[in-house]
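Presented below is the structure to which this report refers.
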Amino acid sequence: MYKILGKKKVNRVVEQMTIHAPLVTKRCQPGQFIILRVNELGERIPLTIADFDRKQETITIVYQIVGYTTALLSNLKAGDSLVDLVGPLGQPKPFNNFKRVLGIGGGVGTAPLYPQLKQLFKHGVEIDTVIGARSYELLVLEDELKNISNRLFVVTDDGSKGSKGYVTDKLKELLECGEEYDEVIAIGPLAMMEAVVAITKSLDIPTSVSLNPLMIDGTGMCGGCRVTIAGEVKFACIDGPDFDGFLVDFRECIARQNYYRAEEHECKLALKGSIEHEKNKN
Ligand code: NAD
Ligand code: FES
């Protein structure tokens, strides 16, 4: 059992949970993830390790309440336990000898960006960060990213905070002003990462993206997380989740991501119904 030591709201749809996971904190590196189950009958869901503390033996996960399992997770509180949790899984993000990096986080994808930038910042890399959300109340880890960035730019679709537009508008603006970066790290919705790559590829700025397809075992056995990279089949769970953005077949990733939308929506409605039923009984 993995004890939940802390839980807090990041915004109205995103939560952060700190979990005691000593075996994970012994070895985990930025870019890696865990797979957890909330209860014995639960599905396995992958979540990036958004932060870790080796001394306290804790990992932090940040999740958006979008489906059945994240709704169950959200029902737990500090002191409760998760039935199981495996990790660290996936490849750590390779860190090259870069001097200046631009991080781009879209929505809840900003959470997996944080540990990667934190590590680079610790090693003296100059970091500019752009974070975007539909509206100000959906921004994620703004203060944390401010602390590890030389400059932080906030962008919202509706203009309620920072500049109005998409993260790609700020990216274009920075590049048009002559800013130069050794690498761009973009994590967020697939459409956002695809749009970032369309810009950086034309200027030949190396761009890393993080893919989070559906995962089951997380060990390369089931093939559920397959993605096409440079025309070859790769498994995001063992070959990724970080990949060279220039080589990713985003159209295929987007099509595969939509396969189970209807089932996920049905499960969420069923869970909502059962929670309301329990409330009405009490
Ligand atoms: P969202 O749809 O609200 O988008 C967040 C921001 O991304 C927008 O405000 C905008 O600035 C940018 N964006 C979105 N679409 C864009 C486009 N077509 N072109 C340019 N910029 C665009 O994000 P959300 O609802 O918080 O969803 C987060 C997404 O991040 C989910 O799809 C989830 O699967 C993904 N995610 C990815 C990872 C990962 O490791 N890759 C981890 C967690 C979440
Ligand atoms: Fe099964 Fe990656 S989750 S192969």
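All heavy atoms count here, side chains included; hydrogens, waters and symmetry mates do not. One-based numbering, in listed order, for ligands and for the atoms of each.
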Heavy-atom contacts with [X] under 4.0 Å: which atoms of ligand 1 show up? List them by number with element.
{"X": "R134", "result": "1 (P), 3 (O), 9 (O), 24 (P), 25 (O)"}
{"X": "V108", "result": "26 (O), 28 (C), 44 (C)"}
{"X": "G188", "result": "30 (O), 35 (C), 37 (C)"}
{"X": "D157", "result": "8 (C), 9 (O), 10 (C), 11 (O)"}
{"X": "A133", "result": "9 (O)"}
{"X": "A195", "result": "19 (N), 20 (C)"}
{"X": "T168", "result": "20 (C), 21 (N)"}

Any salt bridge linking [X] with [Y]? Criterion: basic side-chain nitrogen under 4.0 Å from a carboxylate oxygen.
{"X": "D51", "Y": "K118", "result": "yes"}
{"X": "K7", "Y": "E15", "result": "yes"}
{"X": "E194", "Y": "R251", "result": "yes"}
{"X": "K234", "Y": "E232", "result": "yes"}
{"X": "R151", "Y": "D128", "result": "yes"}
{"X": "E183", "Y": "R100", "result": "no"}

Give the numbers and elements of all ligand 2 atoms closer than 4.0 Å to a heavy atom of [X].
{"X": "C222", "value": "1 (Fe), 3 (S), 4 (S)"}
{"X": "C237", "value": "2 (Fe), 3 (S), 4 (S)"}
{"X": "G218", "value": "1 (Fe), 3 (S)"}
{"X": "M221", "value": "4 (S)"}

Please lay out, stage by stage, how S135 and E137 fare under the test side chain to side chain donor-acceptor pair (under 3.5 Å). CA-CA 6 Å; S135 183; E137 75 270 22; 2.8 Å; yes
N/O of [X] under 3.5 Å from N/O of ligand 1, yes or no?
{"X": "S210", "result": "yes"}
{"X": "G165", "result": "no"}
{"X": "M193", "result": "no"}

Which residue supplies the protein heavy atom nearest to atom 4 (S) of ligand 2, what is that atom called, and how far is it?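 Answer for atom 4 (S) of ligand 2: G223 N, 3.2 Å.
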Ligand 1 contacted by [X] (non-hydrogen, < 4.0 Å):
{"X": "V155", "result": "no"}
{"X": "P241", "result": "no"}
{"X": "Q257", "result": "yes"}

Test: K93 cationic atom under 6.0 Å from F95 six-membered ring centre, within 45° of axis: yes
When you look for heavy atoms under 4.0 Å from ligand 1, do you find them on the side chain of I187, its backbone, both, or neither? side chain
Side chain or backbone of P112 under 4.0 Å from ligand 1, or both, or neither, by non-hydrogen atoms?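 The answer is the side chain.
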Q16 side chain near L141 side chain, heavy-atom distance below 4.5 Å: yes
Can you confirm whether F246 sits close enough to D204 that some side-chain heavy atom of one is under 4.5 Å from a side-chain heavy atom of the other?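 Answer yes - side chains close enough.
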Within 2.8 Å of atom 2 (Fe) of ligand 2, is there any N, O or S atom belonging to C225?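 Short answer: yes, at least one N, O or S atom is under the cut-off.
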Taking just the N, O or S atoms of D217, which one is nearest to atom 1 (Fe) of ligand 2? OD1
